[in-house]
Every structure is written in structure tokens, then in C-alpha cells.
Undergrad: 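This is the structure I want to talk about, given as C-alpha cells.
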Amino acid sequence: MDVSHLIDALNPAQREAVCAERGNYLVLAGAGSGKTRVLTSRIAWLNQVFDVPLYRVLAVTFTNKAAAEMRSRLTALLPDGSRGMWVGTFHGIAHRLLRLHWQEANLPEAFQVLDSDDQLRLVKRVVKDLQLDDTRFPPKQLVWWINNHKDAGRRPSSIQVAMGDQFTRVQVQVYEEYEIRCQRSGLVDFAEILLRAHETLLKQPALLGHYQQRFSEILVDEFQDTNNVQFAFIRLLAGEHGCVFVVGDDDQSIYGWRGAQVENMQKFLRDYPNTQTIRLEQNYRSTGNILAAANAVIAHNPERLGKKLWTEDSDGSLIDLYTAFNEVDEARYVIGKIQAAIQNGNSPSDCAVLYRNNAQSRAIEEQLLSAALPYRVYGGQRFFERMEIRDAMAYLRLVSNRNDDAAFERAVNTPTRGIGDKTLDELRRLARDSALSLWQAAEMIQSQDCLSARAKNALNGFLAIIRHIDAHREGMELYELFDFILIQSQLRAHYTKESKGELDSRVDNLDEWVSVASRFARRIVPDEEQDASELSLFLAYAALEAGEGQVQEGVEGVQLMTLHSAKGLEFPFVFLVGLEEGLFPSARSLDESNRLEEERRLAYVGITRAREKLTITYAESRRMHGTELYGTPSRFIREIPEKLIHTIRAKTPSYGNSNRFNSGLSENTSAFYMGQTVSHATFGEGVIIQFEGSGAHGRVQVNFACDGYKWLVLAYAKLQAA
DNA sequence: AGGATTGAGTTTTTT
DNA sequence: ACTCAATCCT
């Protein structure tokens with residue numbers, strides 16, 4: 001059999017990983033070193049050379065996008081593509097196990113996923129019902145606390161509460177009550193999916209044995225992002241004989257704040273003593289200078305597994321460093337450089353602006369808008385997170401599982417049908433006292449005399465809608481059911497009324513929801529799930545894949561995103577903005593020790609996104625939360641060797657110059673300042689002028705910048721009234 | 001029920 | 001400064 005095509009294009013290290021004998025491996029894959037290629041080629045190799053049937057392979061990723069990418073690459077490598085294999089995210093795989101073995105997992109067949117939003121609502125409810133002070137026990141913090149324990153594999157009963165520690169005791173109590181309600185409603189949150197799947201396998205030796213025997217090959221992508229439960233899950237499935245092939249980069253671990261344990265990489269080496277470590281250090285993405293900068297920055301982190309990227313590519317150009325006067329000037333400079341790149345024949349989408357936090361996109365967007373450049377902001381609300389979609393999904397969930405309290409709460413009075421807070425409070429009280437779901441309570445309350453006839457009537461109307469939908473769905477295509485729901489629930493009518501003439505109409509989204517359903521029906525279902533109903537598959541899909549963020553169809557523009565969401569992507573031109581102490585690294589990371597290293601890894605991720613040209617900027621002054629902040633350049637800038645940097649503006653200002661400027665000022669400011677003597681000016685290559693003088697309105701300070709055509713007022717402050 | 005007002009928070013995001 | 005959610009008012 002000729003398998004040379006699987007390894008032809010690989011370098012020696014990649015080839016070593018792909019062709020290695022079956023066993024346990026830790027592949028340290030640097031940024032841009034071809035890790036996905038290695039992962040997929042390895043699977044193909046196992047299949048074609050070692051005759052491992054594909055159904056024995058389990059490949060786990062973190063995001064749905066990565067899973068889809070892996071599947072599509074396998075299609076190109078193998079005659080059967082990924083057929084028979086389990087390829088998916090940790091949550092996707094665990095959820096599939098729960099669906100297949102819901103009885104063993106002690107779940108109702110139609111159990112649903114509780115997303116973060118519903119989770120917070122539920123915890124708020126619990127806090128209220130337990131009559132706790134929500135300032136002493138903020139629901140958000142409780143959610144975080146509960147998720148943390150679940151991620152670490154801890155149930156309420158296994159949490160140690162020190163004598164006299166009232167605070168923790170109450171938190172445990174909330175956790176317990178929260179679990180009871182989830183169980184009653186047939187709801188699992190994201191952490192629960194993993195934890196429950198793990199526990200189910202632990203408690204069911206027969207089931208575990210089955211899967212251990214089946215999955216002789218387990219491959220894990222982005223291993224540095226695994227949390228405790230995920231690692232335990234892998235170890236459990238692998239058992240004594242399974243071969244585990246993990247790929248990761250400890251230098252790109254940027255999700256510690258949500259439970260990822262970089263330590264799992266070292267732990268892996270400890271738990272699997274016969275593991276061989278393979279380093280992929282040749283980079284196919286960036287120029288030499290960019291890699292040198294990345295290597296230099298990350299070298300400041302202690303306790304790395306160690307890795308040094310290199311390239312056969314040339315050094316390329318130096319890294320530009322621009323010191324901006326403020327965030328407006330920073331944006332102006334960046335957009336100017338983007339325009340120059342476009343003039344040179346590049347597409348706007350070849351340029352990416354990366355920032356530490358989302359708020360920073362605003363200044364950039366404003367400049368892009370005034371330069372009339374197309375752009376795309378990543379992040380933001382996803383399809384299934386939209387209010388109207390969640391409303392519609394609530395009906396769908398109730399149809400599937402009457403006891404889903406989260407769905408009940410949302411759907412019951414949306415659109416409004418006269419079921420107010422008082423009615424609901426009665427209902428919740430009854431549900432709580434009798435340990436029933438809201439739906440059961442609503443059925444029962446009819447025979448009690450705690451509600452007015454009118455309220456009972458309204459409630460009955462709602463129950464009837466759900467029953468009516470359920471009674472008529474037999475034989476319907478999925479999209480027909482969705483359309484039926486929109487009509488019966490009155491949601492379409494409700495949102496049609498509300499969104500008259502709105503740009504981004506909610507009704508359009510609801511229609512899109514229906515068409516998502518019609519497209520969904522035509523996708524391939526894995527063998528194990530042939531029996532599952534279309535509806536339950538859709539519910540799982542909606543819960544585990546929140547869909548694309550901002551759809552902005554067809555807009556090919558400058559790409560704006562946070563450093564976190566840039567991970568895994570690459571661009572010819574990268575602009576890293578806002579490199580100031582306190583912003584990046586963030587102020588919070590400077591408080592707590594340990595966190596700084598993760599920020600540095602974030603810087604490493606940012607730098608290594610660039611293929612040809614990297615530009616770093618920082619602002620001397622920045623408006624944040626209403627006040628002007630004066631920042632100092634980020635330590636990460638200092639960690640890049642000077643010889644790699646081309647500084648655009650010397651930071652040393654010269655004061656005391658006297659200059660006149662009298663041309664090109666915009667209309668309304670020119671009357672004011674034209675011809676005034678600049679008594680206090682700053683000059684760096686003539687880009688910024690800080691002007692202090694007297695005008696009709698008193699003593700003022702104005703900052704101008706010249707963008708090559710005209711002077712722009714960046715900021716002005718009145719020092720003294722006239 | 002829906003609009004107006006007050007108040008708290010303000011890194012990063014997937015599943 | 002600005003956003004988003006909770007609460008207050010009509």
C-alpha cells in the first residue's frame with residue numbers, strides 16, 4: 001500500500017510524530033508548526049499503516065470549529081473520511097455519551113443543556129428562595145464557585161467546610177439546592193455534562209469496559225486547555241491499554257482563568273511514564289524577526305516545557321513600534337498603515353487589529369468608519385444567544401421536556417399573556433413545597449384555590465399551547481414544527497409588531513431559525529445516533545454550538561478581535577494595540593501573582609499571529625471609564641530585543657518651541673486657534689502637536705495630529721475660562 | 001405592561 | 001463614560 005502521500009510534505013519532527021509506533025505521545029506543537037496536519041495525518045497513518053479501524057479512534061478538540069476542521073481534513077486524507085470515528089469537542093463527546101446512556105446517567109431521556117445565562121437565572125432564583133442576601137452572596141460569584149468545583153470534579157458532599165465557616169457552608173447549600181432543581185428539571189449545565197459523563201463511566205464498569213475496549217486510540221488537541229475533569233475523563237477512557245496522543249503548547253495556555261490546567265502537560269508525563277515527547281519547532285507562518293520577538297518574550301516565563309521556534313524563511317521586516325498620543329491617535333495611525341497596505345495590493349482582510357479587551361475596538365471602529373474601510377468585529381452575540389431565538393427555543397424545549405423549568409420560566413409569559421409575577425410566585429411556591437417542576441405545579445394548581453379564576457385561565461391557556469404543539473407535531477418536518485411554534489406561541493406576531501422598521505429585525509432572525517432547521521435535517525447523523533429524534537439532535541446542536549457570532553454576511557474587511565479569539569488564526573499584517581502596563585498586561589493580572597505568566601503567553605499568541613508584518617502600538621494617554629489614564633509602555637515591549645524594533649516616534653518631547661501653524665484646521669476650530677502662537681508644543685516627526693494658548697473661550701490646551709491631508713483635533717481641554 | 005430611572009460594574013470566552 | 005440589568009413609576 002502506498003502511504004507516502006501521508007508523509008511526503010512533512011518535516012522530520014512531524015514525520016516522527018505521525019509515524020511513531022502505537023503508544024503514548026506528547027507532541028509539543030509551537031504556533032504555526034502544523035499541529036492539525038500532524039494530528040490528522042497521524043489518524044490516517046494509524047488507519048492505513050497500523051490497520052486501526054476508524055471506529056477505534058476518538059479525537060477530541062475544544063471548539064466545534066476545530067472539530068469541523070479536523071473532519072474536513074480527514075475527508076481529504078482517507079477514503080472514508082472520519083466515518084465511524086468519534087470526532088468532537090469534550091462537551092460534544094460527553095453529551096453524546098449521556099444521550100446514549102441517559103438511564104445509566106440517571107437523567108430523563110429528554111434532558112436539556114442549561115446554558116450560562118439560564119444557569120445564572122437559576123442560581124439567582126435559588127439565592128432568593130433561600131432568602132440569602134445577594135450582596136453577601138452575589139449569584140454571579142456563586143455560579144463561578146459552583147462551576148469551579150464541578151470542573152475540579154467536586155460534588156457538594158465532597159467539599160470540605162471548616163468548623164465555623166458559615167460562608168462556605170451557605171455556598172455549599174446553594175450548590176446542593178441548585179443540583180436538586182437541575183435534576184428535577186432534567187437540566188445539565190456545561191460543567192455537569194463532563195462531570196456526569198465521567199461519573200457515569202466510573203459507576204458503570206460494564207459501560208466503561210465497552211468504551212475502553214472500543215477506543216484504542218485517543219487523540220487530544222489543545223491539551224494545555226484541559227481542566228481536571230477533562231483530563232480524568234481521558235485517563236479513564238484510555239484505561240490500561242489505550243494509546244493517548246496529545247498535542248498542545250504550554251506557551252499558548254491562555255484559559256487558566258476558566259479552569260484550564262497547563263499543569264496537565266507535566267501531569268501527563270508523570271501519569272504516563274512511557275510517554276515520548278516530540279517537539280514541533282519549525283514554524284511555517286512567520287518571518288524570522290517575528291519569531292525572534294516571540295521567542296524572546298516567552299523566554300521570560302519560568303517553568304516552561306521548553307521550545308524554540310525557528311524558520312527557514314527570511315528575517316523579514318522589523319517590528320514597528322508606534323507611541324501614540326492617545327487611543328484616537330493610535331487608531332488613526334493603525335488605520336493609516338492599513339490603508340497603505342491596501343494601496344500596495346493587499347486585501348483589508350489581510351489586516352487584523354488585536355486588542356486585550358473588547359472596549360478597545362471602539363476607537364478603532366470609529367477610525368475605520370471615517371476611512372470608509374470595511375471591517376468585521378469578532379465576538380459579540382451568537383445566533384442561539386439572541387433573545388428571540390432563546391424565546392423560541394424555550395417552547396421547543398418545553399415540547400420536548402415538560403419539566404424544563406428554565407424553559408418554562410422564559411416561555412410562560414413571552415409574549416405576554418397575563419401571567420404576572422404574582423401568579424408565578426404562587427406557582428414557584430407550590431413547586432418548591434411539593435418538589436415538583438413548574439409544569440407539574442401548573443397542572444396541579446388548577447385544583448387549588450390559591451389563584452384567581454383569571455390567573456388560572458391564563459395559565460391554562462399557556463399549557464394548552466404547549467400541548468397543542470405537541471399533539472400536532474407527529475409527522476411534521478423539523479422546520480414545519482418550528483414554524484408551527486412561532487405561530488402558536490404568537491412569537492412571530494409579537495416580534496413583528498415590535499421590530500417594525502428596525503435594521504436588524506428579530507423576525508428575520510426567527511425566520512432564519514426556521515431555515516436553520518430545514519438545513520439541519522439534511523446533515524449526516526453518526527451511526528450511534530440513528531435512533532435519536534431529529535428534535536433531540538437539534539436541541540443538542542443548539543446547546544453545544546451557539547453558532548457564529550456577528551453574521552455580517554459577505555463582509556470581507558479588516559479583522560478586529562481580542563487576543564483570545566485570535567488564537568489559532570493568522571494574518572499577513574497584525575496590529576497589536578494598547579500595549580500599556582495595566583491594560584496589557586491587565587491591571588488584574590498584576591495584582592495576583594501567577595497571572596502575569598498567562599498574560600505573557602497571550603502576548604506570545606498575539607505576536608505569533610503575524611505572518612509578514614507586526615506593528616505594536618501603545619498610547620501615552622487613554623480614556624477609560626470616563627477618566628484619562630496615563631500609561632507606561634508594556635513590559636512585553638521591553639522584552640523584545642531592541643534590534644528587532646523600528647521605533648516610529650521617539651518618546652522624548654521637546655518643549656518650549658514656538659511655532660505657527662495656520663493651515664488646514666477644520667472649520668469650527670480654525671476660527672479659534674488659527675494664527676495663535678503655540679507656546680507649548682510637542683514634536684516627534686511632526687505628527688502630534690500639543691497646543692496651549694488663549695482663545696475666545698479662555699485658556700485651552702488642544703492636541704492636533706496631521707494625517708497627511710489635514711489637521712485633526714484629537715483632544716482639547718479648557719484650562720481656564722475667559 | 002412597558003417606559004423611565006437609578007445603580008452597579010468594568011479582561012479574556014467556549015461549551 | 002457607558003452599558004446593562006433591576007427597580008420604580010404611570
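Each chain gets a letter, A, B and so on, in the order its sequence line appears, and its residues count up from 1. On a predicted model such as this, the values are computed, not experimentally measured, just so you know.
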Undergrad: Calculate the interatomic distance between Glu597(A) atom CD and dT12(B) atom P; express it in whole Å.
TA: 22 Å
Undergrad: Glu222(A) has an atom CD; how far is it from atom P of dT14(B), in whole Å?
TA: 13 Å
Undergrad: Ignoring the backbone of His564(A), work out which of dA1(B), dT13(B), dT11(B) is nearest its side chain.
TA: dT13(B)
Undergrad: If I take atom CZ from residue Phe223(A) and atom CD from residue Gln230(A), how far apart are they, to the nearest 0.5 angstrom?
TA: 9.5 Å
Undergrad: Starting at atom NZ of Lys140(A), determine the distance to atom P of dC4(C), rounded to an integer number of angstrom.
TA: 12 Å
Undergrad: For Ile419(A) and Glu545(A), take the nucleotide of DNA chain B holding the closest heavy atom to each; which residue's nucleotide lies nearer the 5' end?
TA: Ile419(A)
Undergrad: Tell me which nucleotide among dT11(B), dA1(B), dT13(B) gets nearest to the side chain of Arg588(A).
TA: dT11(B)
Undergrad: Confirm from the modelled atom types if Ser116(A) and dT15(B) form a donor-acceptor pair under 3.5 Å, side chain to base only.
TA: yes
Undergrad: Of the nucleotides dT15(B), dG2(B), dC2(C), which has the atom closest to the Arg362(A) side chain?
TA: dC2(C)
Undergrad: Between dT12(B) and Trp257(A), is there a base-stacking contact, meaning the centre of the base's six-membered ring lies under 5.5 Å from the residue's ring centre while the planes stay under 30° apart?
TA: yes
Undergrad: Counting side-chain heavy atoms from C-beta on, which of dT11(B), dA1(B), dT15(B) comes nearest to Glu599(A)?
TA: dT11(B)
Undergrad: Looking only at side-chain atoms of Asn357(A), point me to the closest of dA1(B), dT12(B), dT15(B).
TA: dT12(B)
Undergrad: For a quick check of understanding: with a heavy-atom distance under 4.0 Å over all strands, which category does Gly256(A) fall into, base, sugar-phosphate or nothing?
TA: nothing
Undergrad: Could you state the CZ-P distance from Arg382(A) to dT15(B), rounded to the nearest angstrom?
TA: 6 Å
Undergrad: Would one find a side-chain N or O of Thr627(A) under 4.0 angstrom from OP1 or OP2 of dA1(C)?
TA: no
Undergrad: If you assign each of His91(A) and Ile254(A) to its closest nucleotide in DNA chain B, which residue comes earlier from the 5' end?
TA: Ile254(A)
Undergrad: Determine the interplanar angle of the Trp257(A) and Tyr255(A) rings, folded into 0 to 90°, and report it as parallel if under 30°, tilted if 30 to 60°, perpendicular if over 60°.
TA: tilted
Undergrad: Without decimals, in angstroms, what is the distance between Arg99(A) CZ and dT15(B) P?
TA: 15 Å
Undergrad: Roughly how many Å is it from CD in Gln119(A) to P in dT14(B), rounded to a whole number?
TA: 16 Å
Undergrad: If I take atom OH in residue Tyr255(A) and atom P in nucleotide dT13(B), what distance separates them, rounded to the nearest angstrom?
TA: 7 Å
Undergrad: Given the C1' atoms of dA6(C) and dT11(B), what is the spacing between them in whole Å?
TA: 24 Å
Undergrad: Hydrogens and angles aside, do Thr632(A) and Glu581(A) bring a side-chain donor and acceptor to less than 3.5 Å of each other?
TA: no
Undergrad: Report yes if a donor N or O on one partner sits less than 3.5 Å from an acceptor N or O on the other, where the partners are the side chain of Arg356(A) and the base of dT11(B); otherwise report no.
TA: yes
Undergrad: Check the distance between dA1(C)'s C1' and Gln360(A)'s CD and give it to me in whole angstrom.
TA: 16 Å
Undergrad: What I want to check is whether the side chains of Gln119(A) and Tyr178(A) have a donor and an acceptor closer together than 3.5 Å.
TA: yes
Undergrad: So what does Asn64(A) touch, heavy atoms closer than 4.0 Å: a base, only the sugar-phosphate, or nothing?
TA: sugar-phosphate
Undergrad: Tell me yes or no: between the side chains of Gln112(A) and Asn401(A), is some donor less than 3.5 Å from an acceptor?
TA: no
Undergrad: Quick one: label Asn358(A) by what it contacts on the DNA or RNA (base, sugar-phosphate, nothing), any heavy atom closer than 4.0 Å.
TA: sugar-phosphate
Undergrad: Please report the distance separating the P of dA5(C) from the corresponding atom of dT12(B), rounded so that it comes out in whole Å.
TA: 15 Å
Undergrad: Does a side chain donor of either Tyr495(A) or Asp391(A) reach within less than 3.5 Å of an acceptor in the other side chain?
TA: yes
Undergrad: Report which part of the nucleic acid Lys124(A) touches: base, sugar-phosphate, or nothing (heavy-atom distance under 4.0 Å, all strands).
TA: sugar-phosphate
Undergrad: Fit a plane to each ring of Phe384(A) and Phe538(A), take the angle between them on a 0 to 90° scale, and name the class: parallel (under 30°), tilted (30 to 60°) or perpendicular (over 60°).
TA: perpendicular
Undergrad: Base, sugar-phosphate, or nothing: which does Ser586(A) touch, judged by heavy atoms less than 4.0 Å apart?
TA: base
Undergrad: Measuring to OP1 and OP2 of dT13(B), would you say a side-chain N or O of Ser565(A) lies under 4.0 angstrom away?
TA: yes
